[in-house]
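See structure below.
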Amino acid sequence: MSERVSVLVTGGAGFIGSNFIHYILDRYPQYIIINLDKLTYAGNLNNLKDVSGNSNYYFVKGDISNYELVNYIFEVFQPRYVVNFAAESHVDRSIEDPGIFLRTNILGTQVLLDVAKKHWYRANNWRNGVKFIQISTDEVYGSLGPEGFFTEKTPLDPHSPYSASKASADFIVKSYFDTFKMPINITRCSNNYGPYQFPEKLIPLMINNALNHKELPVYGDGKQVRDWLYVEDHCRAIDLVMQKGKLGEVYNIGGHNEKENIYIVKKIIELLRKMTGDVKINESLIKHVKDRPGHDRRYAIDPSKIEKELHWKPEVNFDRGIVKTVSWYLNNIAWVRNVTNGEYRNYYKRMYEWR
Ligand code: NAD
Ligand code: DAU
């Protein structure tokens, strides 16, 4: 009989983590998934309602920085893989309050690495097949001018407390490979979009505001460029890295979908008006507001390494992905209402005054 594979997914109640858990349980029904999540404002168990009864899925509420808890999870489940999504993920919040970004994104990652090392390294050997996958971001590379792409060799040059915390974590993960030969991979992907994204990020925020006829706050001139990746394409890439990525390597993951922010906002308006017939959803809702401090101008990923080595390619182009995404939010208004209660209202009010 083959060994049972268990995967410790941290931050699995968030946007990408919950999509990843759905993806893995669909593709490998025999895998055991342990989801360790602190359930911050960004974590929501409703994202995983349909898998909560699956006997191969376990949820543990807790902090990745809690050594005893992480150690206990390793003792009980002996995970083969750790996929570390848990993070404070929003750039604007890191400008408002950097401390928690450093505690979770840097120190939390170090705790996970230490516990994994303790359990995976015995008698001068790493347990067979184990791997730690750090989910990082293209933001660690900084900002591009109008030309060129980030490759895995681009020097790190983060500009926000968020991206600085992610870059620090990347260095620490790499140091466990260099020093201890710990089996690791680091993935750096561009902006994700799709179901279950918290409505503080550009696409779901614009959808939610437009549906409520609220202003659509575009930072500065709106000509900043992001490279949009449909979340399911990202999950498939992480799975490939987890199974086949060369140890110690970094893989960039991007969607070949570079768009200006203002284009995205206008596209959302156009789609929502078509889908709802609501004429109050129009471009007069757009408001150019004060720019984000330290705002990176352009991100663009060169994904040729993962394309060549692991034969991954994004399958959902932006035109299809954005229709799927807007339709998902329209069909899940109750989810949006639920996550935009309480803390969100205070946050949104604070952000509004901040700008
Ligand atoms: P998210 O904010 O939607 O979810 C983060 C999850 O982590 C939440 O469920 C939250 O409760 C949990 N969490 C936070 N602190 C924790 C802690 N101390 N212990 C345990 N759980 C904790 O984030 P996301 O957009 O899904 O991003 C997931 C990962 O992917 C992050 O590491 C982020 O840096 C990276 N990433 C995101 C994007 C993107 O476009 N969203 C792009 C590149 C990289
Ligand atoms: O590039 C990967 C990163 O993408 C991830 O590492 C982060 O976790 C994720 O949050 C995302 O960061 P961004 O800062 O690019 O995402 P955000 O959705 O906050 O903003 C996208 C762009 O839209 C950015 O140029 C800022 C702009 N923006 C954002 C908001 C929320 C606006 O113009 N108005 C807004 O209200």
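Counting starts at 1 for both ligands and their atoms, in listed order. Starting from 1, each residue takes its place in the sequence as its number.
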Among [options], closest by any non-hydrogen atom to [atom]:
| atom | options | result |
| --- | --- | --- |
| atom 15 (O) of ligand 2 | I135, N191, V289, L229 | N191 |
| atom 24 (C) of ligand 2 | Q224, R297, H295 | H295 |
| atom 9 (C) of ligand 2 | G222, S89, G254 | S89 |

Can you name the salt bridge (charged side-chain N to carboxylate O under 4.0 Å, His left out) partners of D92, sequence neighbours left out?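 With sequence neighbours excluded, D92 shows a salt bridge (charged side-chain N to carboxylate O under 4.0 Å, His left out) to R292, given in chain and number order.
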Give a yes or no on this: more than 12 heavy atoms of other residues, nucleotides or ligands lie within 6.0 Å of atom CD of E258.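 For E258, atom CD is crowded (more than 12 foreign heavy atoms under 6.0 Å).
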Report yes if [X] has an N/O atom closer than 3.5 Å to an N/O atom of ligand 2; otherwise report no.
| X | value |
| --- | --- |
| V91 | no |
| W228 | no |
| R292 | yes |
| N261 | yes |
| C189 | no |

Classify the side-chain pair [X]/[Y] by whether it contains a donor and acceptor separated by less than 3.5 Å.
| X | Y | answer |
| --- | --- | --- |
| W335 | N47 | yes |
| N317 | H256 | no |
| D302 | T151 | no |
| Y176 | D114 | yes |
| H90 | Y41 | no |

Candidates R236, K244, K305, Q243 - the one meeting side-chain contact (heavy atoms from CB on, under 4.5 Å) with L310: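 That would be K244.
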Do me a favour and list the nearest non-hydrogen protein atom to [atom] with residue, atom name and distance?
| atom | answer |
| --- | --- |
| atom 21 (C) of ligand 2 | L202 CB, 3.9 Å |
| atom 33 (O) of ligand 2 | Y219 N, 2.9 Å |
| atom 34 (N) of ligand 2 | P217 O, 2.7 Å |

Within-4.5 Å side-chain heavy-atom neighbours: Y251 and W312: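 In short, these two side chains do not touch, never coming nearer than 4.5 Å.
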Dump all N/O pairs between ligand 1 and the protein below 3.5 Å as a table: atom names plus distance, one pair per row.
| unit_1 | atom_1 | unit_2 | atom_2 | d |
| --- | --- | --- | --- | --- |
| ligand 1 | 2 (O) | S89 | OG | 2.7 |
| ligand 1 | 3 (O) | F15 | N | 3.0 |
| ligand 1 | 9 (O) | G14 | N | 2.9 |
| ligand 1 | 9 (O) | D37 | OD1 | 3.3 |
| ligand 1 | 9 (O) | D37 | OD2 | 2.6 |
| ligand 1 | 11 (O) | D37 | OD1 | 2.6 |
| ligand 1 | 11 (O) | L39 | N | 3.4 |
| ligand 1 | 11 (O) | T40 | N | 3.0 |
| ligand 1 | 11 (O) | T40 | OG1 | 3.1 |
| ligand 1 | 18 (N) | D63 | OD1 | 2.9 |
| ligand 1 | 18 (N) | T104 | OG1 | 3.1 |
| ligand 1 | 19 (N) | I64 | N | 3.0 |
| ligand 1 | 21 (N) | K38 | N | 3.1 |
| ligand 1 | 23 (O) | S89 | OG | 3.3 |
| ligand 1 | 26 (O) | F15 | N | 3.3 |
| ligand 1 | 26 (O) | I16 | N | 2.8 |
| ligand 1 | 32 (O) | F85 | O | 3.0 |
| ligand 1 | 32 (O) | K166 | NZ | 2.7 |
| ligand 1 | 34 (O) | Y162 | OH | 2.6 |
| ligand 1 | 34 (O) | K166 | NZ | 3.0 |
| ligand 1 | 40 (O) | N192 | N | 2.9 |

If you count the atoms of ligand 2 from 1 in the order shown, which ones are under 4.0 Å from a heavy atom of [X]?
| X | result |
| --- | --- |
| K201 | 10 (O), 18 (O) |
| Y162 | 5 (C), 6 (O), 7 (C), 8 (O) |
| E200 | 31 (C) |
| T137 | 1 (O), 2 (C), 3 (C), 5 (C), 6 (O) |
| H90 | 19 (O) |
| V218 | 33 (O) |
| L205 | 36 (O) |

Go through it in stages, so that I can follow the logic: the residues are V9 and L36, the test is side chain to side chain contact (heavy atoms under 4.5 Å, CB included), and I'd like the CA-CA distance, side-chain angles, deciding distance and then a yes or no. CA-CA 6 Å; V9 176; L36 169 62; over 6 Å; no
Within 45° cone of F101 ring axis and under 6.0 Å: R93 NZ or CZ: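 No, cation not above the ring by the 6.0 Å, 45° rule.
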Ring-face cation contact, Y348 with K214, 6.0 Å cut, 45° max: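 Yes; both conditions hold, so K214 lies above the ring face of Y348.
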Lys/Arg-Asp/Glu bridge criterion (N-O < 4.0 Å) met for [X], [Y]:
| X | Y | value |
| --- | --- | --- |
| E270 | K274 | yes |
| E353 | K349 | yes |
| R188 | E152 | no |
| R350 | E96 | yes |

With rounding to the nearest 0.5 angstrom, report the CE to CG distance, M206 to L272.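 These two atoms lie 12.0 Å from each other.
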Tell me which part of [X] gets within contact of ligand 2: side chain, backbone, both or neither, using heavy atoms under 4.0 Å.
| X | answer |
| --- | --- |
| D138 | side chain |
| E139 | side chain |
| I203 | neither |

Tell me whether K166 reaches ligand 2 (any heavy atom closer than 4.0 angstrom to a ligand atom).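 So K166 does not count as touching ligand 2.
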